[in-house]
Amino acid sequence: MRAHRRAQRAAVTTGAALLAAGLLAGCGLSEPEPDADVPADGRPGNASASPTPAGPTDSPRTPELPSELTSQRLDWKRCTAPRGGNAPGSAWRCARVDVPLDYADPSGETLSIALIRKEARDKGRRLGSLLFNFGGPGGSGVATLPRAAGSYAKLNTRYDLVSFDPRGVAASSGVRCRTDEEQEQAHRNVDLTPDTAAEEAAFIEDAAEFGAGCERRSGTVLPHVGTGNAARDLDLIRRVLGDEKLSYFGFSYGTELGGTYAHLFPHTAGRTVLDAAVDPTADGIGHARNQTMGFQRALENYLKDRGRSPKEGSERIARLLARIDRSPLPTDSGRELSESLAITGIVTPLYSESSWPALTAALDEAENNGTGNGLLRLADSYNGRDEQGRYDTQSHSQRAISCADSTSRPTVDEARALLPEFRELSPVFGPFLAWDTAGWCAEWPVEGEHETPETSAPGAGPVLVVGTTGDPATPYEGARRMADELGEGVGVLLTNKGEGHGAYGSNDCVTSTIDDYFLDGKVPADGKTCG
């Protein structure tokens, strides 16, 4: 449930778009996933846009790329079904682009990044490509964009809709750390809110084993999956697509990626929208603190909507979780609902107001029937587990990217010291998120890059930053900080007074403001409020 980590598995409030959906799996350094670039019927796709010539980049930290990378021509072909999903319709084409494994050695080994595209309908008025990242980190854009595209039909009139699996994700050399059996065992046996010395030891041992599994299975790519490299990949994709500037729509973690791009490449950052913006000033503990407040705020809004006292309702749920910790609830599947799974099940429907009835039903079942079917279904959805017990790999990629980015490595003692503060902030979510600070990157095999991401972008054009007042996963306050960090004259804040994680499609005022910005270049006044 981290602000730019595990928090992005719920649907964007457009209904179709997912902030994170790790529905493809893959390992290996440069081997392409067969479902990402093999045509379904053998027919060639549309012709590639002409590449732009190699030229200097904005960032002195990015060495000049060799012409064999910048002059690639994309081989667009019919898309086949992603693993666990259905093939998109005939309007979609898939391709792959090669990027450096290590941008410090751009002529060295490469990775293959999976792309998907739907061409603009009004080709005579085409504005270029609009690239999407739906969050995570670890969400598959190749799987998500076709399902979400109906929400962006107006933008598709003049933009090619394009998304990708970032490095380390799904079909782009996806990170894998555990087998399904190991994942299931961890969910069954590891208490994410340990109460005894033995539970604490098992908690940290499991976290260390996860990192060791990532290194063992994906060690070559693991040091190179950070957000800075993903932003450099974005710029290479822009050049290969033939766009002078990058037009970009990022959600949740995708806002951190967009802010990083604007910092590294301010002069090629075109029309950019960052919806459900993360707080770029927060370190690992700061993100956990922000989310503790954000999820508690969303829970209280939910309880008030149900006519219940926020304080008494929260305490009642906390007591339910304590009972489940002592005695897990049975389910029809034969699996037990642990406290950790119950917390996850409560978190999931808080991402969208439309899912609040599912939370009511699941809590009523747990309290009145003593069974955990509803909460377990919600937890499985969040954790990427299907009915056959197979897990997707988004949680693997998510952790790998987060730990490659962040230098934050709190100890068990530091996490334990946070418990009083975090319990005060939220009796429901506080203990989980306090302990999570120590378990997330414990004994991680790769050093983190920075304490907080750099998103200052002097020289960039206006970047539209969208925050929702009831957002549980990326609380509204972070959007203001993102706009401030981008810099004066760059960050433009748009406020959505509402509930849920992500504003586009949930509010007509927000949606039309974003559409006008992308299609006509109309920049709203900084501080505009919709609601």
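Keep in mind that the numbers below use all heavy atoms, side chains included, and drop hydrogens, waters and symmetry copies. Just so it is clear, the structure is predicted and the values come from calculations on it, not from any experiment.
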Nearest 0.5 Å please: distance from the [atom1] atom of [X] over to the [atom2] atom of [Y].
| X | Y | atom1 | atom2 | result |
| --- | --- | --- | --- | --- |
| E312 | I317 | CD | CD1 | 12.5 Å |
| D392 | D180 | CG | CG | 9.5 Å |
| L350 | R297 | CG | CZ | 13.0 Å |
| L375 | L363 | CG | CG | 5.5 Å |
| K528 | L464 | NZ | CG | 9.0 Å |
| R481 | N290 | CZ | CG | 6.0 Å |

Using only atom types and a distance under 3.5 Å, with no angle test, would you say the side chain of [X] pairs donor to acceptor with the backbone of [Y]?
| X | Y | answer |
| --- | --- | --- |
| T371 | P330 | no |
| T255 | G250 | no |
| D325 | E339 | no |
| R167 | V225 | no |
| D283 | E451 | no |
| D165 | A114 | no |
| R178 | H396 | no |
| S397 | G174 | no |
| D471 | A276 | no |
| D526 | V492 | no |

Report task. Show the numbers, then the answer: is there a side chain to side chain contact (heavy atoms under 4.5 Å, CB included) between T344 and L378? Result -> CA-CA 7 Å; T344 305; L378 291 167; over 6 Å; no
Atom of [X], atom of [Y] and distance for their closest heavy-atom approach:
| X | Y | answer |
| --- | --- | --- |
| T411 | A438 | O-CB, 3.6 Å |
| I401 | G138 | CD1-N, 4.2 Å |
| S163 | G141 | OG-CA, 3.2 Å |
| H224 | T220 | CD2-O, 3.5 Å |
| A457 | H263 | CB-N, 4.1 Å |
| L486 | G259 | CD2-CA, 4.5 Å |

Report task. Decide side-chain hydrogen bond (donor to acceptor under 3.5 Å, both in side chains) for E181 and Q185; before the verdict, give the C-alpha distance in whole Å, the side-chain angles of both, and the deciding distance to 0.1 Å. Result -> CA-CA 6 Å; E181 292 75 17; Q185 185 176 7; over 6 Å; no
State whether a side-chain donor-acceptor pair under 3.5 Å links [X] with [Y].
| X | Y | result |
| --- | --- | --- |
| E414 | T437 | no |
| S506 | E353 | no |
| E365 | N373 | yes |
| S338 | E336 | no |
| Y253 | T474 | no |
| T227 | D405 | yes |

Query raised in the report: What's the verdict on side chain to side chain contact (heavy atoms under 4.5 Å, CB included) for N301 and W356, showing C-alpha distance, side-chain angles and the deciding distance?
Result: CA-CA 10 Å; N301 290 342; W356 286 0; 4.3 Å; yes
For the residue pair [X] and [Y], establish whether any side-chain heavy-atom pair is separated by less than 4.5 Å.
| X | Y | answer |
| --- | --- | --- |
| T393 | V175 | no |
| S426 | F295 | no |
| P427 | Q296 | yes |
| V412 | F203 | no |
| L303 | S314 | yes |
| L299 | F429 | yes |
| D191 | T193 | yes |
| Y248 | Y261 | no |

Report task. Apply side-chain hydrogen bond (donor to acceptor under 3.5 Å, both in side chains) to Y476 and N496, showing your working. Result -> CA-CA 9 Å; Y476 171 75; N496 173 40; over 6 Å; no
Does a sphere of radius 6.0 Å around [atom1] in [X] hold more than 12 heavy atoms from other residues, nucleotides or ligands, not counting ones at 6.0 Å or beyond?
| X | atom1 | result |
| --- | --- | --- |
| D508 | CG | no |
| R335 | CZ | yes |
| N86 | CG | no |

Query raised in the report: Taking it one step at a time, do R399 and W444 satisfy side chain to side chain contact (heavy atoms under 4.5 Å, CB included)?
Result: CA-CA 10 Å; R399 203 150 161 179; W444 195 255; 4.1 Å; yes
**Report entry** Pair Y152-Y504, ring pair (Phe, Tyr, Trp, His ring centres under 6.0 Å): steps then yes or no
**Finding:** CA-CA 10 Å; Y152 310 112; Y504 188 86; 5.4 Å; yes
Salt-bridge contact [X]-[Y] (side-chain N to carboxylate O under 4.0 Å):
| X | Y | result |
| --- | --- | --- |
| D413 | R416 | yes |
| R326 | D195 | no |
| K311 | E315 | yes |
| E182 | R216 | no |

Report task. Determine, step by step, whether D279 and E477 satisfy the side chain to side chain contact (heavy atoms under 4.5 Å, CB included) criterion, reporting the C-alpha distance in whole Å, the side-chain angles of both residues, the deciding distance to 0.1 Å, and the verdict. Result -> CA-CA 8 Å; D279 180 356; E477 293 82 358; over 6 Å; no
Query raised in the report: Taking the six-membered ring for Trp, are F251 and F132 parallel (under 30°), tilted (30 to 60°) or perpendicular (over 60°)?
Result: parallel
